[in-house]
Structure formats: structure tokens, C-alpha cells
Amino acid sequence: MTNIEIARLLRNIAAAYIIKNEKKFRFQITAYQKAADMIDHSVSELQDLFKENKLDTLPGIGASIKSHLEELFTHGKVRHFEEVLQDIPEAIFPLLDVHGFGPKKAYKLVSEYKLSNPETVIADLEKIAQKGKIAGLEGFGEKSEQDIITSIQEYWLGKTKASRMVLPYANELAKRMVEYLMKSKFVLSACALGSLRRKVATIGDIDIAAVSNQPQAVLDHFVNFPGKERLIEHGSMTASILVSSGRQIDLMVASPEGFGSLLQHFTGSKAHNIHLREYALSKGLSLSEYGIKEKNEIGEVRMEKYDTEEKFYQALGLSWIPPEIRENTGEIELAVKHDLPKLIELSEIKGDLHLHSSYPIQPSHDLGKSSMQEIIEKAISLKYEYMGFSEHNPSQSKHKLQQNIDILGKRSKFIDLLKSQYKNCIQIFSLLEIDILPNGNLAIDNQCLELLDCAIVSVHSAFDLDKKTMTKRVLKGLSHPKAKILGHPTGRLFNQRPGYELDWDQIFDFCKTNKKALEINSWFLRLDLPDILVREAVKKGVTLVINTDSHAVSQMDFMEYGISVARRGWAKNNDILNTKTYNEIKEWFRGGE
DNA sequence: GCCGTTTTCGGCCCGACTGTTTTCAGTCG
């Protein structure tokens, strides 16, 4: 069973408890939901942790859930779960994926209409609603019947489109909304919060906060956004709309004196906020998007407002926490001790080592679109100390060995020429991105490799090998003395493929021992190494390198996305290879310290 | 059912919004 399936199962248990008796089981419910959330964010497959008897190393999994999971892995089913689910019709669970459906509404409708087929329950309910049969039910009316139809139709649409936005797309949408909001004279300022501010790799909804003394006027303006497709809700503090392609935008308004609290609340993550609020409670304080409530000796409640986030965290005795690491993975405990790491920053990057030029190398994969000179000029404008050309290796199937040696020899001479031309402005490395073939060999000959400063090695084919074979393949590719960097280590591409599996403990150990770097690829469809694996790599002391993998000069600006990934993985300056100086890197490529 | 800077027992985030309701239940973030 995969983590996704297990998380779903635990959420179903929580839903069953809600239906049975929400009050009585409220703590079990949150426990199961929390465990499911943790599993969704876990770097390791639970099945593997089970084999190593390390299930309870995951926060949120205690003795009880651990034993249930052990039973699940051993026998394929869990007695306790079967008891909990006994009286709950299976058909309610698919409905929980439809917006507006919680366990109780789903249960009521499924029971009322005796819907028993989980495969068809959503379509069945849609038909029932369309016949106008729901409006008469107790607790339902015309409006809720119509809402059910709308939600189900949007659910069908969601099935056919990619459900999460990549960062540049989300940034652009947020920017458009902020610009639109600023047209209102009542808006003092506006910014994007939520997962966009935390720089999560893919974004679900856009969250915007606005500062104003006239919230109602701002919300009225917001819901008239020209790109609006449908109004979802429109209250006195918040509103939500759906824009084209089914993206949701939420707005929340606060007065200037309370804006810090709102920033904090709306940035999240949910898990961070819950933990922070629990921590505050232990100090006798209650947190919300409006500020901090405190009871005095005679029981009077006083609310303190905060105009900046720094003051909000300070009032709790915490250091300000960078948004990228607000995921409740230990940041609050360190902020209490004022011991947060100093995360890597864009300004610390001294060079980009993965750049594809248009040099006619007759590669196995796509050639870059910009000339070497254009790329150098761009790198200089970015104030880099050095850069590396890393085109794909010349195709092996199309060339004989001598042809490849000739192509690469010519390229080396050309790069040498550029080096001398630009020696006072920037230092240049001659690299290459080389395929790791399915058998683990590199795609070009040793004589060719000798012409390079070092090689970035990557998997570009046969993605479906099993974990063990793929690990062996990658380790063999990395073993070559010239191979110093593993490019886009998981091979994932958002909305296209999930990436292959590797035994990360083995990969990390190998890289650490043999001085190889793992790439954080900044291309927004990759963002690979993923942040949670960056965190593990950093913990193990593995060297990382942040590259753009640019195929055109404009893409060299995407370094910021790689930085976001590194920061989300708690990486510091000295974890990142390309914060080092030219001489240090040169030495590192040669295998020195 | 989980967890520990007050705790191995006794706590557990907080509020907005909608629809169907005359005061609240359900859902969402």
C-alpha cells in the first residue's frame, strides 16, 4: 500500500468517526487527520519504515496507529478499522473529494437515496439533484441543491485539468489580482500569502491579503474582478472567487494596525498555525488572525493587535520565522530558542553551472536557444563570478567515437577562446550534462570526458526501472571520477510524470563519502531535488548545487525558484556548492577539499 | 489517539461564511 492510499484510509476513519459521534471522538478524529497529513508529507514510504520497525519515528503516529498500520502491512486489513467502518456506507468516501461535501452531508444523502456504488455515487447524486429531489429534504433547500450540482460539475472539470499551478503561473495570477486590487482607492496595500508566500513547489489556491480601513468596499471591488467566473462567497472580512480555468482566489482584509496578525495567519501553513496556537495556549494566550488574546486575573479578555509579523512572533517570545519553513517540522521549537538556521539567499549564489547553449554539439536531447556569448553576458549581468556550459552530450547513436571527440575538442577550443576573452569579467567552466544509460554507464566515452572540467550526470530514459535497479544505475553513473553532480535527481516533471524512486539513504551516503553534489534544479516544472529531500540531504551533510538548467538566457532568472526549494529544505550557505568561490569550486571539481 | 519548557495525565486552534435556520450545523482554511 502506498502512502497516498494509507493517508486516504486514515482520513476515511476520521470521517467515519465524525459520522458516528463527532463530539465523542473529536480527539481521535484530529489524531487520524494529523497522521494522514504527516503521511502525505513523509519522505519515506511507510511500507519501508514498517520493515525497519521505524513507523513511530513519524510525528503523529503513536502506539495505537502504529499497531494498526503493522496489522495492515502484515494482514492486509485492520480489525479496528473494519469495526469503525462497519455501519458506514462505502459510497460516502468518493463524495468527500467534492467541494462542499463533508462526512455528514455525504452520509445524509447517501443514506437517504440508498446510494451503494462508490464508482457511480457522484454521478448518481448529480442526477438526483438535477431532478429537484434534494430541495425538499430536511436541512436542504433550493440553494443547496443548486450548489450540489455546481460543485459536482466543477469536480468533473477538475478531473480533466491539472489541479495545481506551477509557481510562475501562480505568481502571474496573483500579480494580476494585486494590481487590480490596488486600483481601488480603499486598498492601502495587497500581497499574496498562503502557499505562494511559502514558495511551495505547486500552488492550489491563491490567497491575497489587503490592508484597508474600508473592508466592505475592498471586498465589493474584489468580487467584481474582470476575470471572475463565479462568486464562491462574499462576507464582511473575506471573499472567494473562481477565475478562469477553475482557479480559486481568496481575499482577506485587515486594518493597518492588525495586518501583522493577518499576514501570519494567512501565510500558514495550517500545521504551523495549529502548533503555534497550541504553544501560545500553554502560555495562556489565544492567537487568531486578529491578534493575541490574553485573560487578566479577573477573567477579562484583552486583544492585542500587531502591525508587523515580527512583532507578532516577538510577542510570543519567538524569532521571526521565514515563511518557507513554516510547515511545523521543528521551526517553532527552534524559534523559541532563537536558534533558527540562517537560510541560503539568492545574493549568495556565485554562479550557475547548468546552462545549455546553442553551440552545435548535435546532442542527444534538446539544444539551448541562446549563444554562448549571450549566456555569458547574462551571467555577467547577474553578477556571477563563474558559470558552466553544460549542453547535453553529443548523441552516441548518431556519431562514431572519433566524431564525438572532434565535436567536443572543437567545443573546448571555442570555450577556451571565450575564457580568455572574458577572463576579466567572469570565469567559465566546460561541463556537460551526460545521460546515465539504463545499465549505469555514461553516454560518452572516457576520452571525451577527459576534455571536461566535470560532468553533470542525469537520467533521461528508462524511467520505469524499480527502485533497487534505478539506485544501482545512478550510483554507477555517479561513480565515474568526472561525474560530480547528479542532475535533477528524481526526474519528476509536474503534471507529466512523478519521477523515479531511489534509495535515498544510499544516494546520500554515497554522495557524502565520495564528494558528489545533488542538484537542485530550478526549472519550475522540475524543482528537483524536492524540498523534503533537500531537508534530508542537508541533515546528512550532502553537498547541493542550485542550477537553472536554462535553455535560453531568460530562464537564467529562475534561480530564485531553486533558492526557494533550498530554503524550504533548510539549506544554509555552506550546504550549497555554488556559494563557493571560483577557486574553491575548481578545487572541488578536481576532487580536493 | 497523540504528546510533553507545567504535564506520562490532562490537555487538545480559531474564526469566516452559507443555508436553513429562529440560534445553529456543516464545511472550509
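Below, chains carry the letters A, B, ... as their sequence lines are ordered, and counting in each starts from 1. Only this structure's heavy atoms are used, side chains among them; waters, hydrogens and symmetry mates stay out.
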Side-chain contact check for A/Ser282: nearest option of B/dG1, B/dG19, B/dT6 is B/dT6

Of B/dA16, B/dC28, B/dC3, the nucleotide closest to the side chain of A/His99 is B/dC28

Which of A/Val110, A/Ile134, A/Thr120, A/Val98 passes side-chain contact (heavy atoms from CB on, under 4.5 Å) with A/Leu125? It is A/Ile134

In whole angstroms, the gap separating P of B/dT27 from CD1 of A/Ile232 amounts to 17 Å

Requested in this report: May I ask you to say whether A/Asp37 pairs ionically with A/Arg11, meaning some side-chain N is under 4.0 Å from a carboxylate O?
Outcome: yes

Flag if over 12 foreign heavy atoms under 6.0 Å of CD, A/Glu70:
yes

B/dC17 and B/dT23: how far apart are their C1' atoms, nearest whole angstrom? 16 Å

Phosphate-side-chain proximity, A/Ser236 and B/dA16, N/O vs OP1/OP2 below 4.0 Å: no

note: A/Ile92, atom CD1; B/dT27, atom P; distance rounded to Å ~ 10 Å

For nucleotides 13-15 of chain B, which of its nitrogen or oxygen atoms have a protein nitrogen or oxygen under 3.5 Å away, and what is each distance?
residue	atom	partner	partner atom	Å
B/dC13	OP2	A/Glu278	OE2	2.5
B/dC13	O2	A/Arg277	NH1	2.6
B/dC14	OP1	A/Ser286	OG	2.9
B/dC14	O4'	A/Arg277	NH1	3.1
B/dG15	OP1	A/Lys293	NZ	2.8

Taking the P atom of each, how far is B/dT6 from B/dC12, in whole Å?
15 Å

Do we get A/Lys105 above A/Phe101's six-membered ring, with its NZ or CZ under 6.0 Å from the centre and within 45° of the axis? yes

A/Gln28 atom CD is separated from B/dC3 atom P, nearest whole Å, by 14 Å

When rounded to whole Å, the CZ to P distance for the pair A/Arg197 and B/dG29 reads 20 Å

Practice prompt. Hey, can you tell me if A/Phe558 and A/Trp523 have their rings parallel, tilted or perpendicular (30° and 60° cut-offs)?
Written response: tilted

Whole-Å distance, A/Gln146 CD to B/dT20 C1', equals 17 Å

Pairing donors with acceptors under 3.5 angstrom, does anything connect the side chains of A/His338 and A/Ser319?
yes

Per nearest nucleotide of DNA chain B, the residue lying toward the 5' end, A/Glu333 or A/Gln248, is A/Glu333

Exactly one candidate in A/Asp205, A/Asn171, A/Ile208, A/Leu173 meets side-chain contact (heavy atoms from CB on, under 4.5 Å) with A/Leu196; the answer is A/Asn171

Over all strands shown, is A/Glu142 touching base, sugar-phosphate only, or nothing at heavy-atom distances under 4.0 angstrom? sugar-phosphate

Winner on side-chain proximity to A/Pro59, out of B/dG29, B/dG1, B/dC3, is B/dC3

Per the under-4.0 Å heavy-atom filter, residues of residues 307-323 of chain A near DNA chain B come out as none

* Consider only side-chain N and O atoms of A/His221 and A/Gln214, and report whether a donor and an acceptor are under 3.5 Å apart. => no

Of the candidates B/dC2, B/dT6, B/dG26, the side chain of A/Lys104 sits closest to B/dG26

Do A/Arg277 and A/His265 have side-chain atoms, one donor and one acceptor, less than 3.5 Å apart? yes

Taking atom CD as the centre, does A/Glu90 end up with more than 12 heavy-atom neighbours from other residues, nucleotides or ligands that are less than 6.0 angstrom away? no

Span that lies between the C1' atom of B/dC13 and that of B/dC2, in whole angstrom:
16 Å

From the candidates B/dG29, B/dG19, B/dG1, the one with an atom nearest any side-chain atom of A/Asp147 is B/dG19

Q. Strictly by modelled atom types, are A/Ser269 and A/Arg198 linked by a side-chain donor-acceptor pair under 3.5 Å?
A. no

Assign each of A/Glu22 and A/Glu145 the nucleotide of DNA chain B bearing its closest heavy atom; nearer the 5' end lies the nucleotide of A/Glu145

Whole-Å C1' distance, B/dT5 and B/dG11
16 Å

At 4.0 Å (heavy atoms only), tell me whether A/Ala63 reaches a base, stays on the sugar-phosphate, or touches nothing.
sugar-phosphate

Would you please confirm or rule out a distance under 4.0 Å between OP1 or OP2 of B/dG1 and any side-chain N or O of A/His80? yes

A/Ile241 CD1 to B/dC17 P, in whole Å, measures 15 Å

* For atom C1', what is the distance between B/dT20 and B/dT27, given to the nearest Å? -> 14 Å

Taking B/dG26, B/dT6, B/dC2 as options, the one with an atom nearest any side-chain atom of A/Ser64 is B/dC2

A/Asn328 atom CG is separated from B/dC3 atom C1', nearest whole Å, by 13 Å

Using a cut-off of less than 4.0 Å, is there contact between a side-chain N or O of A/Lys105 and OP1 or OP2 of B/dG26?
no

* If you look at every strand shown and take non-hydrogen atoms under 4.0 Å, does A/Gly268 touch a base, only sugar-phosphate, or nothing? -> nothing

Rounded to whole Å, the CZ-C1' distance (A/Phe140 to B/dT20) equals 11 Å

Check: Which value, in whole Å, describes the distance between the P atoms of nucleotides B/dC14 and B/dT8?
Finding: 23 Å

request  = Show your reasoning for whether side-chain hydrogen bond (donor to acceptor under 3.5 Å, both in side chains) applies to A/Asp250 and A/Ser240.
outcome  = CA-CA 4 Å; A/Asp250 301 331; A/Ser240 299; 2.7 Å; yes

By the Watson-Crick or G-U definition, both distances under 3.5 Å, B/dT8 is matched with none

